[in-house]
Peer 1: 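Quick one: the structure is below, questions incoming.
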Amino acid sequence: MLLLATFAVSQYLLFTEQQESIYQEEVERASFMADGLSNSLQTLMLSGNASYAIDWLDRISESPELLTVQVLRKDQTEAFLDGQTLNNVNAHLESELFSRPLRSPRKVTDIDATSFAKVVNGQQFNELNEATGELTFLLPINAGDECMSCHGYDASKVRGVLRITTSVAHAQERIEQARSDTIFYGLSVAFVIGLLLSLFIRRQILGPLEHLTEAATDIAEGDLNTRVNLLTRTEIGKLGESFNHMTDALKRSTVSREYFETIMSSMGEMLFVTDTEYKIEFANPAALTTLGHELEELTGTPLESLISGDIELTPEEEKQLAKNGEIKSIEREFLHKSGHKIPVLITVTIMQQGENAACQIVHAGRDITRQKRTERDLRLAAKVMESDSNAILVCDDKANIVLVNPAFCDITGYSREEVIGNNPRILSSGRQTVDFYRKMWSTLHSEGMWAGEIWNKRKNGEVYPEWLSITAVRNDAGEISNFVSIFYDISEQKNIEQRLSHMAHHDQLTGLPNRTLFTDRLEHALAHAIRDKYKVGLMFIDIDGFKAINDNFGHDVGDALLIEIANRLGELVRSADTVARVGGDEFIIILENLIDLEDMVQVADKILKCFSTPTMAAEIACDIGCSIGIAIGPDDSQNADELVKKADTAMYLAKTSGKQQYRIYNRDCIAAD
């Protein structure tokens, strides 16, 4: 009896413990499930699309283990049905960004108001009702910093309440079955009953529970691939199946750790995760590749060891991090394993794992070596532009000015502000034709560059020549993005060229055309005379008495006399005629468009008369005369050199005949022969 009584008492105690264990298991299972569902809901809500949360609630509600899954507002109305929250969010954002199909509003009245108020204040609540076989959880939905971007209209800590109700009927059925088994086997042989009961508890309860416990631990560590494989078909076996269903639901509705790790590993930017003491817990492949380290080398080491001058924050940065949980654009120099420095732009963010859990710090860094090099090159290019004496003009693809250098302003007289945004045609002088510009742009688009001489106009209206080169700059797609023009003022060069040309074709003393220019003009005059049926008169003049003046009074007086002679001869002929100096005291006059010989005779008479009286030179009266030889083209010759020889022959005849007279080749020289 004592043994039986002892056995009965032990059976009763075992049954009581089993009953409590079953209920506790149910509470823990449901609590774990509720926490997981709450985290999943909050993850979905951060997406900013309530449709995801509604779909999630609909799918979760289909689970046979869940009697009720509701998201309630703090006024105890069911969320996601009507448009109240949408209106608040859109009003806060001052937009109509969020919208979705709405349902009729509904207030939940079967919740104790006092318990609901505690949950709204941040406390978690659960209640087991054995009479109805229901286990109810009320979980506060806390508002994180991320929520405030859309729900900033409500600054309270709790956004709403998640209500989850599960059935414990199966647990009660297990308890009832255990009670019946205890009574039945208690009346049997105590030893057999005890043995069988011991085996039953071990195999059917404790073993599966251990299996469930191990699986729950794996899931808590983030392994959502864990499965509970129980061979028994008891309630614990069904609990294992329900556990698997719950894991599948969590896996479908929760972003896995592997997912985040895959994202972090595929990022092109460096990523470090440290604890609050800046010791590295994780580094992605981009960080390892950039710095030349292995993950094992960095794990547990201070982040400061990789940074030149460490990552010490300024007071302003610490204040910003404490207030916003994030700091953007901190520039630091990281140290490569080989020792060289790498400039990095860092964003620092505090990541809170849970309300009471320790936080982690995420450091996202971008290698800005190329950016620094580009900035350095741009500064160098800007310095070159600033110091270049050539004008530099940069236009966009529409040929509107976007950049000029100081030399441009110096040459054109325009300031930067006056030309930026304008078309370069404001510099046009009007000397170039439309066809000129059309050909220039055609060459520029087909060949990518154009260079040539062009006349432009300064701000003050002065027209000047410049040497201009334009290059078309194309982007990666081959499209023209800019036009770069470089030009310089060639006014002085033009002046030099003109002076050199004048020196090459004019007498340095008198400024009259020299033999080279004279010959060129005579050839043109003969060509026009032959074509237009006119005559060209050629007068070869030799100054009589010049040598004596030059010898007696010096070269200065002689030079002054030659200049005076040149001026007088120029006054005696038409502007279209040419007076040239071809020797020391020898001059030639080309008379164009003559009709008959008398025109030349009249000019010869005027010349002889002009030099019949003394000529003043350097305040000295110079008594000189001249001998003139006349040839007529194309009558005497169509060749310039032959015509000059014949005029020279006539002049020689005049000189030998007594000076201060003229002779005509086809009249006097032929007759003399």
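All values below come from the heavy atoms of this structure, side chains included, with hydrogens, waters and symmetry mates left out.
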Peer 1: How far apart are the closest heavy atoms of Gln660 and Leu608, and which atoms are they?
Peer 2: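 Scanning both residues completely, I find the closest heavy atoms to be NE2-O, 2.7 Å.
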Peer 1: If you measure from the Lys or Arg side-chain nitrogens to the Asp or Glu carboxylate oxygens, is any gap between Asp605 and Lys609 under 4.0 Å?
Peer 2: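 The answer is no: the pair does not qualify as a salt bridge.
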Peer 1: Yes or no on side chain to side chain contact (heavy atoms under 4.5 Å, CB included) for Arg332 and Val344, after CA distance, side-chain angles and deciding distance?
Peer 2: CA-CA 5 Å; Arg332 297 290 188 270; Val344 176; 5.7 Å; no
Peer 1: Specify the closest pair of heavy atoms between Ile664 and Ala650, including all atoms of both residues, with the distance to one decimal.
Peer 2: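 Scanning both residues completely, I find the closest heavy atoms to be C-CB, 4.4 Å.
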Peer 1: Name all residues meeting the side chain to side chain donor-acceptor pair (under 3.5 Å) criterion together with Lys645; count only those two or more places apart in sequence or in a different chain, and write none if there are none.
Peer 2: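 Scan of Lys645 (side chain to side chain donor-acceptor pair (under 3.5 Å), adjacent residues dropped) gives none.
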Peer 1: Take Ile454 and Phe487 through the test side chain to side chain contact (heavy atoms under 4.5 Å, CB included) and record every step on the way to the result.
Peer 2: CA-CA 10 Å; Ile454 191 171; Phe487 64 87; over 6 Å; no
Peer 1: Could you pull out the closest heavy-atom pair between Ala529 and Val536, with the gap in Å?
Peer 2: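 For Ala529 versus Val536, the nearest heavy atoms are CB-CG2, 3.5 Å.
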Peer 1: Quick one: which residue pairs count as a salt bridge (charged side-chain N to carboxylate O under 4.0 Å, His left out) with a foot in residues 565-582, not counting sequence neighbours?
Peer 2: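 Non-adjacent pairs meeting salt bridge (charged side-chain N to carboxylate O under 4.0 Å, His left out): Asp507-Arg581, Glu564-Arg568, Arg574-Asp577.
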Peer 1: Can you confirm whether Glu619 is buried at CD, in the sense that more than 12 heavy atoms of other residues, nucleotides or ligands lie under 6.0 Å from that atom?
Peer 2: no
Peer 1: Suppose we screen for side-chain contact (heavy atoms from CB on, under 4.5 Å). Which residues come up paired with Asp520, at least two apart in sequence or across chains?
Peer 2: His524
Peer 1: When you look at His505 and Asn514, which way does the side-chain hydrogen bond (donor to acceptor under 3.5 Å, both in side chains) test go after all the steps?
Peer 2: CA-CA 5 Å; His505 295 88; Asn514 59 12; over 6 Å; no
Peer 1: State whether the side chain of Asn405 and the backbone N or O of Ile392 hold a donor-acceptor pair below 3.5 Å, judged by distance alone.
Peer 2: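 Yes; at least one donor-acceptor contact below 3.5 Å.
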Peer 1: Evaluate the criterion side chain to side chain contact (heavy atoms under 4.5 Å, CB included) for residue pair Leu562 and Phe587; output intermediate values, then yes/no.
Peer 2: CA-CA 10 Å; Leu562 289 174; Phe587 296 85; 4.1 Å; yes
Peer 1: Can you list every side-chain hydrogen bond (donor to acceptor under 3.5 Å, both in side chains) pair that touches residues 530-546, not counting sequence neighbours?
Peer 2: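 Of all non-adjacent pairs touching residues 530-546, those that pass side-chain hydrogen bond (donor to acceptor under 3.5 Å, both in side chains) are His528-Arg531, Lys535-Asp635, Asp542-Lys655, Asp544-Ser627, Asp544-Lys655.
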Peer 1: Donor-acceptor pair, distance only, cut-off 3.5 Å: does the side chain of Asp668 make one with the backbone of Gly629?
Peer 2: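 The answer is no, because no donor-acceptor pair under 3.5 Å joins these two groups.
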Peer 1: Please give me the minimum heavy-atom distance between Ala580 and Phe518, naming the atom from each residue.
Peer 2: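 Where Ala580 meets Phe518 most closely, the heavy atoms are CB-CB, 3.7 Å.
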Peer 1: Any pair with a residue in residues 442-454 that passes side-chain hydrogen bond (donor to acceptor under 3.5 Å, both in side chains), sequence neighbours left out, goes on the list, sorted by first then second residue, please.
Peer 2: Glu453-Lys494
Peer 1: Considering only heavy atoms from C-beta outward, does the side chain of Tyr414 approach that of Asn422 to under 4.5 Å?
Peer 2: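 Tyr414 does not reach Asn422 side chain to side chain.
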Peer 1: What distance do Asp559 atom CG and Ile563 atom CD1 have between them, rounded to the nearest 0.5 Å?
Peer 2: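 Taking CG in Asp559 and CD1 in Ile563, the distance rounds to 6.5 Å.
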Peer 1: When the side chains of residues 424-438 are checked against the rest of the protein, which donor-acceptor pairs come out under 3.5 Å, sequence neighbours left out?
Peer 2:
residue: Ser428; atom: OG; partner: Gly430; partner atom: N; Å: 3.4
residue: Ser429; atom: OG; partner: Arg431; partner atom: N; Å: 3.3
residue: Ser429; atom: OG; partner: Trp455; partner atom: O; Å: 2.7
residue: Thr433; atom: OG1; partner: Phe436; partner atom: N; Å: 3.2
residue: Asp435; atom: OD1; partner: Arg438; partner atom: NH1; Å: 3.4
residue: Asp435; atom: OD2; partner: Lys439; partner atom: NZ; Å: 3.3

Peer 1: Check side chain to side chain donor-acceptor pair (under 3.5 Å) between Thr578 and all other residues, then give those that pass, not counting sequence neighbours.
Peer 2: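 Scan of Thr578 (side chain to side chain donor-acceptor pair (under 3.5 Å), adjacent residues dropped) gives Arg521.
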Peer 1: For a side chain to side chain contact (heavy atoms under 4.5 Å, CB included) check, start with the C-alpha distance between Phe540 and Val644, then their side-chain angles and the critical distance, and finish with the verdict.
Peer 2: CA-CA 8 Å; Phe540 200 115; Val644 171; 4.2 Å; yes
Peer 1: Quick one: NZ on Lys646 to CG on Asp641, what's the gap to the nearest 0.5 Å?
Peer 2: 12.0 Å
Peer 1: ring-ring contact (aromatic ring centres under 6.0 Å, His included) with His340: which residues, sequence neighbours excluded?
Peer 2: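 Listed in chain order: His336.
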Peer 1: For Lys341, what residues pass the salt bridge (charged side-chain N to carboxylate O under 4.0 Å, His left out) criterion, not counting sequence neighbours?
Peer 2: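 Once residues adjacent in sequence are excluded, the partners of Lys341 under the salt bridge (charged side-chain N to carboxylate O under 4.0 Å, His left out) criterion are Glu333.
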Peer 1: I need the single residue from Leu569, Asn567, Ile588 that forms a side-chain contact (heavy atoms from CB on, under 4.5 Å) with Val579. Which is it?
Peer 2: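 One option only clears the test, and that one is Leu569.
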Peer 1: Nearest 0.5 Å please: distance from the CD1 atom of Ile543 over to the CD1 atom of Ile565.
Peer 2: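 It comes to 4.0 Å.
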Peer 1: Between Cys395 and Asn400, is there a side-chain heavy-atom distance shorter than 4.5 Å?
Peer 2: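 No. Closest side-chain heavy atoms not under 4.5 Å.
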Peer 1: Heavy-atom distance under 4.5 Å between the side chains of Val404 and Arg416, does that happen here?
Peer 2: yes
Peer 1: Output all residues satisfying side chain to side chain donor-acceptor pair (under 3.5 Å) with Gln661, sequence neighbours left out; order by chain, then residue number.
Peer 2: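 Listed in chain order: Arg663.
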Peer 1: Work out which heavy atom in Tyr662 is nearest to a heavy atom in Arg667; give both atom names and the distance.
Peer 2: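 For Tyr662 and Arg667, the tightest heavy-atom pair comes out as CE1-NH2, 4.2 Å.
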Peer 1: Return the CG to OG1 distance between Asn456 and Thr412, rounded to the nearest 0.5 Å.
Peer 2: 9.5 Å
Peer 1: Could you pull out the closest heavy-atom pair between Ala472 and Ile480, with the gap in Å?
Peer 2: CB-CD1, 4.1 Å
Peer 1: How many angstroms lie between atom SG of Cys669 and atom CG of Leu653, to the nearest 0.5 angstrom?
Peer 2: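 Rounded to the nearest 0.5 Å, the SG-CG separation comes to 5.0 Å.
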Peer 1: Between Asn550 and His555, is there a side-chain heavy-atom distance shorter than 4.5 Å?
Peer 2: yes
Peer 1: What's the separation between atom CD1 in Ile620 and atom CG in Leu561, rounded to the nearest 0.5 Å?
Peer 2: 10.0 Å
Peer 1: Using the test side chain to side chain donor-acceptor pair (under 3.5 Å), find all partners of Arg458 that sit at least two apart in sequence or belong to another chain.
Peer 2: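 With neighbours one apart ignored, the set is Glu462, Asp489.
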Peer 1: Taking Asn284 for the side chain and Glu269 for the main chain, is one N or O donor matched with an acceptor at less than 3.5 Å?
Peer 2: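 Indeed, once roles are kept as given, a pair shorter than 3.5 Å links the two residues.
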Peer 1: In chain order, what residues pass the ring-ring contact (aromatic ring centres under 6.0 Å, His included) check against His506, with sequence neighbours excluded?
Peer 2: His502
